[in-house]
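First listed ligand is number 1; within each ligand, the first listed atom is number 1.
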Amino acid sequence: MPDTLVRAIGAYANIRCIAAVTTDLVEEARARHDTYPTATVALGRALTGGILLGGLLQGEERINLQINGRGPLRSIVVDADAFGHVRGFVRHPHIQVPLREGKISVKEAIGAGTLQVLKIQANQKEPYRGIVPLVSGEIAKDLTSYLVNSEQIPSAVALGVYIEGNNRVTASGGFIVQALPGAQDKDISIVEENISALPPCSEMILNGMGPRDIIMQVMNGIMIKFLEEKEISFQCRCSKERVVRIMIALGAAEIRDILAKEGEAKALCEFCKRDYVVTGDELRQLLEDIES
Ligand SMILES: [Zn+2]
């Protein structure tokens, strides 16, 4: 089954839930960035959080998450849109952090720091920016803290990534549930009880549950309506055209300098690790275009 995201809302439109299975896209990120287990789990959770928040956006809006910490991982950057595309990277993919009670400690890898969320809207000059201190470093609780404190929406977030011994991601996903204005205390209590009884997301997905099944567990006892189901994937926004645009922005003097020193220009996309080369001929053509 391909990675999918499902959105649902309570019958009275005051509790919403969005869930996603992200196993393939997190495995793709692991392979692209050659992350070791701790970084794989950290990046996988952040990518899943990003795609879930992206699922709450509309049209051309985008969301960017940046986690900056004092731990060995340093930072995670994730970028998602409303169409089910997400990309991301960690600063140090090869860190090794000792297990805590047999478990990977993302908290230790990230350390104390901040979570910054940027919401980029097509018609707005300045993106919406929210920044909160990390409250747990395990990412799900930090996203919850952002939603509650910065967006002021009572929310719960669960994220899970399961990796097999050889590093392969075999289950990944998560959900966000939110109480919107007018939500009944009774319904909120039902959801809270459901969540506290749930096994970890990675376990549910490992057992074959999809986003709909997860939503039905979270919202069990509440009438719900499914709104949307879509495929999601790791997809970067980089392209040769973008690299060329950056070269043009550098200006003629800089391009001449690169030509003299390197003979060609190379660029590596941090988000997807794709390599780009602008050949000497292409650079000379750019110079001609700039100067004409
Ligand atoms: Zn890229």
Side-chain angles (χ1 to χ4, degrees), residues 2-5 20-55 57 59-68 73-95 110 115-122 127 129 139 159 161 163 167-169 172-173 230-250 254-255 258 262 264-280 282-283 285-286:
D3 286 349
T4 47
L5 176 142
V21 169
T22 57
T23 311
D24 291 349
L25 73 87
V26 171
E27 168 59 15
E28 181 171 346
R30 181 202 64 76
R32 281 181 181 275
H33 294 288
D34 185 33
T35 47
Y36 288 5
T38 309
T40 303
V41 172
L43 179 58
R45 286 184 195 166
L47 286 166
T48 304
I51 202 101
L52 289 169
L53 291 174
L57 301 177
E60 298 296 320
E61 292 177 346
R62 290 198 347 261
I63 196 152
N64 176 276
L65 308 180
Q66 279 186 42
I67 296 168
N68 289 302
L73 197 64
R74 300 314 292 182
S75 61
I76 310 175
V77 181
V78 163
D79 203 36
D81 65 18
F83 304 106
H85 306 137
V86 67
R87 60 180 188 164
F89 64 93
V90 297
R91 181 59 58 205
H92 295 297
H94 293 160
I95 52 149
I110 294 175
L115 162 68
Q116 178 185 267
V117 180
L118 292 179
K119 273 192 187 173
I120 302 121
Q121 285 149 319
R129 180 169 172 271
I139 301 177
L159 305 167
V161 177
I163 48 180
N167 283 1
R168 239 189 111 73
V169 178
S172 175
K230 67 181 167 206
E231 279 190 29
I232 51 178
S233 59
F234 186 101
Q235 195 167 306
C236 198
R237 296 160 56 79
C238 67
S239 65
K240 177 82 177 265
E241 287 69 35
R242 274 172 194 260
V243 174
V244 168
R245 256 184 275 151
I246 292 167
M247 300 304 308
I248 293 169
L250 287 176
E254 188 74 18
I255 294 175
I258 292 168
E262 323 276 342
E264 62 183 12
K266 283 187 181 152
L268 173 70
C269 177
E270 270 190 309
F271 279 99
C272 70
K273 292 281 176 230
R274 203 168 286 145
D275 264 317
Y276 291 94
V277 176
V278 185
T279 64
E282 287 170 325
L283 287 175
Q285 184 62 52
L286 278 184

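Taking the side-chain contact (heavy atoms from CB on, under 4.5 Å) definition, one finds that R32 meets it with E28, F234, C272, R274, sequence neighbours left out. Not counting sequence neighbours, the partners of F271 by the ring-ring contact (aromatic ring centres under 6.0 Å, His included) test are F89. R129 meets the side-chain contact (heavy atoms from CB on, under 4.5 Å) test with Q116, L118, I131; sequence neighbours excluded.
A side-chain N or O of T48 and one of T22 form a donor-acceptor pair less than 3.5 Å apart.
Here the protein contributes C236 SG, C238 SG, C269 SG, C272 SG as N, O or S atoms under 2.8 Å from the Zn ion (ligand 1).
Around atom NZ of K230, more than 12 heavy atoms belonging to other residues, nucleotides or ligands sit under 6.0 Å away.
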Discussion item. Determine whether E270 and R87 satisfy the following criterion, salt bridge (Lys or Arg N to Asp or Glu O under 4.0 Å), listing intermediate values before the conclusion.
Written reply: CA-CA 10 Å; E270 270 190 309; R87 60 180 188 164; over 6 Å; no

